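The structure appears right after this line, and notes come after that.
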2 protein chains.
Amino acid sequence: MSITIRDVAQAAGVSTATVSRALRGLPHVDPETRERVRRVAQEMDYVVSPSASRLASGRTGTVAVITPFIDRWFFSTVLSGISDVLQGREVDLIVFEVGDPSTSPGLPTERRLRGRADGMIVVTLPTDAPRIADLLEIGLPASFIGATWPGVPSVCIDDAAAARTATQHLINLGHQRIGIIPGRPAASTSQGNRSKGYREAMTGAGLDVDPALEAHGYFTVAGGEAAMTALLSQPNPPTAVFAMSDDMAFGAIRSLQRHGIRPGSDIAIASIDGHDLAELLDLTTVGQPVAEMGRMAAEALLGRMLGSDGDTQQDVVVPTTLVVRGSTVPIERTAAFG
Amino acid sequence: MSITIRDVAQAAGVSTATVSRALRGLPHVDPETRERVRRVAQEMDYVVSPSASRLASGRTGTVAVITPFIDRWFFSTVLSGISDVLQGREVDLIVFEVGDPSTSPGLPTERRLRGRADGMIVVTLPTDAPRIADLLEIGLPASFIGATWPGVPSVCIDDAAAARTATQHLINLGHQRIGIIPGRPAASTSQGNRSKGYREAMTGAGLDVDPALEAHGYFTVAGGEAAMTALLSQPNPPTAVFAMSDDMAFGAIRSLQRHGIRPGSDIAIASIDGHDLAELLDLTTVGQPVAEMGRMAAEALLGRMLGSDGDTQQDVVVPTTLVVRGSTVPIERTAAFG
DNA sequence: TTGAAAGCGCTAACAC
DNA sequence: GTGTTAGCGCTTTCAA
């Protein structure tokens with residue numbers, strides 16, 4: 001049906017091997033021959049059959065991304081960064097959306113991965129050690145984003161530092177009762193580190209870490225709203241809250257709105273992410289370079305897939321930036337509450 | 001290196017042909033044989049080589065999604081819906097992020113597609129007829145989302161009706177000077193229809209369509225903000241604005257905030273999308289079932305890929321729902337402006 | 001119901 | 001620098 005390498009070989013008056021070499025830019029081909037082959041191939045509108053090429057070479061020229069979600073800001077942004085570099089290198093991108101590890105059954109992604117990709121990028125699959133171990137077992141080069149794993153290169157922020165920055169910012173503003181909205185009860189490394197950063201900042205300032213001032217937000221807007229509502233119903237509510245993600249902070253803001261409390265003026269809120277819409281909601285947040293993290297992970301993976309193993313840094317920590325907005329104002333201007 | 005069909009055949013005491021048939025659930029296999037083959041395969045942890053299978057059968061078992069963006073709400077949500085059904089059918093998903101057709105060079109996605117997928121889903125590539133024609137030329141079954149094309153099944157909303165609904169809602173509230181924020185000057189079919197719906201509602205109510213009350217928002221938050229700002233600087237600004245997407249409406253709200261104008265109370269805003277965060281921003285919007293649209297397109301495509309061609313509806317129009325929120329309040333409660 | 005065998009279209013030794 | 005050739009691991013007639 002469609003044009004094969006043999007047709008091209010015939011038309012160019014060379015062997016299929018030469019066509020293969022010429023078209024792939026391999027050495028030991030006469031420049032003139034190469035040019036002729038290229039021209040003929042183009043004229044015939046020849047495209048290599050990926051299946052055949054893959055079968056013969058053992059390489060797929062594709063990278064698999066394993067991510068819990070596609071449709072959330074952090075993940076789609078990471079994905080876009082990854083796609084950006086893969087596209088530039090003509091590498092295919094296949095996506096496995098595996099869902100929330102704590103609720104989804106943990107499908108056998110591992111079986112579905114074999115022979116389909118030359119490498120994989122795993123995006124923050126926290127609390128799911130067994131699945132990750134399974135994935136790594138198939139022996140593909142891997143790159144992690146937002147999580148670390150022994151022996152696997154990764155791109156992360158310094159979660160503890162980011163949390164410390166956010167919390168310290170609230171402390172500097174004069175707050176003393178600072179609540180916290182973590183994601184899920186079962187802590188991932190990343191979440192654990194953010195907790196740690198929060199506590200460090202608190203105790204470093206001689207402040208109490210009141211367990212009553214903690215409410216889980218499950219990394220969603222709705223969860224953040226519920227969490228904030230819970231915090232507000234405390235006998236002695238916080239005057240400031242650190243949320244571990246922007247989405248949860250959004251929810252918290254919504255809760256405040258519902259209660260007629262003005263974020264910033266009445267209760268300060270700071271979080272981590274740098275979500276597109278944080279500016280719109282006037283949310284103070286510690287921004288992470290999410291798309292860039294995707295790009296870096298892809299770049300690193302590609303590097304290792306091509307074998308140049310030496311210069312690969314194991315764990316990259318990218319910088320974050322505190323962006324101060326209206327959701328955090330000095331305590332002098334903050335109305336007493338409760 | 002890894003286990004092949006021959007190993008399994010040998011271990012099960014049958015031919016490779018039988019293993020192939022047994023494992024794929026083809027008929028004409030003794031139930032007992034099938035069971036034995038299955039067991040052996042499982043014990044050996046055998047996984048079919050996709051490349052070999054693809055080369056031999058000519059089918060890839062993968063669907064390609066061609067989308068301008070990954071990291072924007074509409075697109076990531078569609079993608080997630082698609083992924084949802086593909087994952088369930090064990091079909092691979094490969095993604096091509098082609099960028100904004102009006103600015104990106106229009107890469108030869110078409111060459112990169114051949115032999116890599118059995119079908120494709122094209123997500124709202126407006127104003128880009130040449131590229132689409134190229135894509136369709138390779139003869140893969142296709143499914144469109146958010147755009148229609150002669151002969152290609154699609155899933156869309158009724159754009160004109162959605163725009164009419166939003167505009168009529170503003171009219172019903174008592175507004176007469178109603179501005180509009182479209183996306184890009186070069187209209188896609190979808191955008192054209194939304195314009196049409198807006199004009200129909202306006203003229204139907206005997207209202208003027210003032211060209212001065214139109215400012216493009218380029219489907220982004222920043223663009224929407226600029227557009228609203230432009231509208232506000234009119235000698236006689238609108239009292240209500242219809243934005244063609246939630247993102248642009250978000251930007252418009254931001255502009256209002258910056259100008260000390262309260263959305264809803266001072267100027268009404270309505271748009272189309274049903275963005276996750278619309279509730280948070282108290283935005284009235286005509287919601288489209290985005291993830292569901294992705295699911296439907298995938299389902300339809302899969303159906304056609306499996307050959308059951310008859311029952312495929314060509315163009316599906318999914319319903320939208322007006323969700324009224326604080327950004328639109330009756331004119332009685334709207335302060336005069338300007 | 002099962003097996004033998006001919007490819008699928010390419011790559012990679014190895015010869016020349 | 002180029003050609004020959006033997007696979008890569010499966011699917012799919014065609015016979016049995």
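Because the structure is a prediction, the values reported are computed rather than measured. Proteins get letters first, then strands, A, B, ... in listed order; numbering begins at 1 in each.
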Among the nucleotides D:dT2, C:dG3, C:dC8, whichever has the atom closest to the side chain of B:L55 is C:dC8
Carboxylate-amine/guanidinium contact A:D276 B:R72, below 4.0 Å = no
C:dA4 phosphate, OP1 or OP2, under 4.0 Å from B:S15 side-chain N/O = no
Apply salt bridge (Lys or Arg N to Asp or Glu O under 4.0 Å) to A:E292 and list each qualifying residue two or more places apart in sequence or on a separate chain.
-> A:R295
Phosphate OP1/OP2 of C:dT2: any B:T33 side-chain N/O under 4.0 Å | yes
Answer with base, sugar-phosphate or nothing: what part of the nucleic acid does A:S51 contact at a heavy-atom distance below 4.0 Å?
-> nothing
Separation of A:D7 atom CG from C:dG9 atom C1', in whole Å?
-> 10 Å
Pairs under 3.5 angstrom only: tabulate donor-acceptor contacts from the side chains of residues 58-65 of chain A to other protein residues two or more places apart or in another chain.
residue: A:T60; atom: OG1; partner: A:T62; partner atom: N; Å: 3.2
residue: A:T60; atom: OG1; partner: A:D118; partner atom: N; Å: 3.3
residue: A:T60; atom: OG1; partner: A:D118; partner atom: OD1; Å: 2.9
residue: A:T60; atom: OG1; partner: A:D118; partner atom: OD2; Å: 3.3
residue: A:T62; atom: OG1; partner: A:R116; partner atom: O; Å: 2.9

Length of the NE2-P vector between B:H28 and C:dG3, whole Å = 15 Å
For nucleotides 10-16 of chain C, read 5' to 3', which letter fits each nucleotide if B means a protein heavy atom sits under 4.0 Å from the base, S means only the sugar-phosphate is that close, and - means neither?
-> BSBB---
Test side-chain contact (heavy atoms from CB on, under 4.5 Å) applied to A:R21 - qualifying residues, sequence neighbours left out = A:A17, A:T18, A:L26, A:V29
Using rotation axes that map the C1' atoms of four end pairs onto the next four (five pairs an end), what angle separates the end axes of the helix from C:dT1-D:dA16 to C:dC16-D:dG1, to 10°?
-> 30°
Would you kindly give the CG-to-P distance between B:L23 and C:dT1, to the nearest whole Å?
-> 17 Å
By salt bridge (Lys or Arg N to Asp or Glu O under 4.0 Å), which residues pair with A:R111, not counting sequence neighbours?
-> none
Would you please name every residue forming a side chain to side chain donor-acceptor pair (under 3.5 Å) with A:R24, sequence neighbours left out?
-> A:S20
Rounded to whole angstroms, how far apart are CZ on A:R116 and C1' on D:dG9?
-> 14 Å
Looking at residues at least two apart in the chain, or sitting in another chain, which of them share a side-chain contact (heavy atoms from CB on, under 4.5 Å) with A:T77?
-> A:W73, A:V290, A:A291, B:D71
Dump the intermediate steps for side chain to side chain donor-acceptor pair (under 3.5 Å) on A:S80 and B:E97, then the final yes or no.
-> CA-CA 8 Å; A:S80 181; B:E97 186 179 23; 3.1 Å; yes
Which residues share a side chain to side chain donor-acceptor pair (under 3.5 Å) with A:S53, sequence neighbours left out | none
Nearest-Å distance, CG (B:D30) to P (C:dG3)?
-> 11 Å
